Amino acid sequence: MSTMQLDIVTPERTVYSEQVEMVIARAAEGDIGILPHHSPFVSPLKITAVRVKKDGKEFLVAISGGFIEVRGDKVTILAETAELPQDIDVERAEAAKERAEKRLADKKKEDIDFKRAQLALDKAINRIKVARSR
Ligand code: ATP
């Protein structure tokens, strides 16, 4: 099985750097599956779970915003935050989800904090989903 290099990088650290067989990401124009020898490609990524296949096994990575770039046999995800399933603190994500839900229940829709709370909720739900995929 041919492979390609996948690097997942945040402003803090390199979260993942391995040879993988496939990457599936929700890009701006829909889900995109990337196999080795894919044509060059750049897209923004929203809060999403990126699916990675390595050694025949699939796992999810929680990403909150950034970019995916495919160039040669290298896929780079530059993300605001990125966590592997085993690195996610589920209690923390559950607490963030509850906080966000409370804020959303209190606020009016036009309030700027409403958007922030919605994003916080999306991030927490994404993290819980990825943590539970183990
Ligand atoms: P919280 O409200 O719980 O602080 P947050 O969504 O505000 O979460 P971020 O600003 O997205 O947190 O991330 C800050 C840092 O904390 C990043 O390094 C991110 O990877 C990490 N992080 C956030 N939530 C979790 C979690 N549930 N488990 C592990 N790491 C997390």
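Atoms within a ligand are numbered from 1 in the order they appear, just like the ligands themselves. Note that the structure is predicted; figures quoted are calculated from it, not measured.
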Contacts for ligand 1, heavy atom under 4.0 Å, by chain and number, are Glu12, Thr81, Glu83, Asp87, Ile88, Asp89, Arg92, Ala93, Ala96, Arg99, Lys123, Arg127
To the nearest 0.5 Å, atom NZ of Lys53 lies from atom CG of Leu35 at 8.5 Å
- Task: Apply the test side chain to side chain donor-acceptor pair (under 3.5 Å) to residues Gln5 and Ser17: give CA-CA distance (whole Å), side-chain angles for both, the deciding distance (0.1 Å), then the verdict.
- Result: CA-CA 7 Å; Gln5 178 67 27; Ser17 180; 3.0 Å; yes
Are Leu60 and Val23 co-members of a hydrophobic cluster defined by side-chain heavy atoms under 4.5 Å apart? no
Find out whether Phe114 and Leu104 are in side-chain contact, i.e. whether some heavy atom of one side chain is under 4.5 Å from a heavy atom of the other.
-> yes
query = Under a 4.5 Å side-chain heavy-atom rule over Ile, Leu, Val, Met, Phe, Trp and Tyr, are Leu6 and Ile32 clustered together?
reply = yes
Interatomic distance, CZ@Arg127 vs CD1@Ile63, rounded to 0.5 Å, equals 10.0 Å
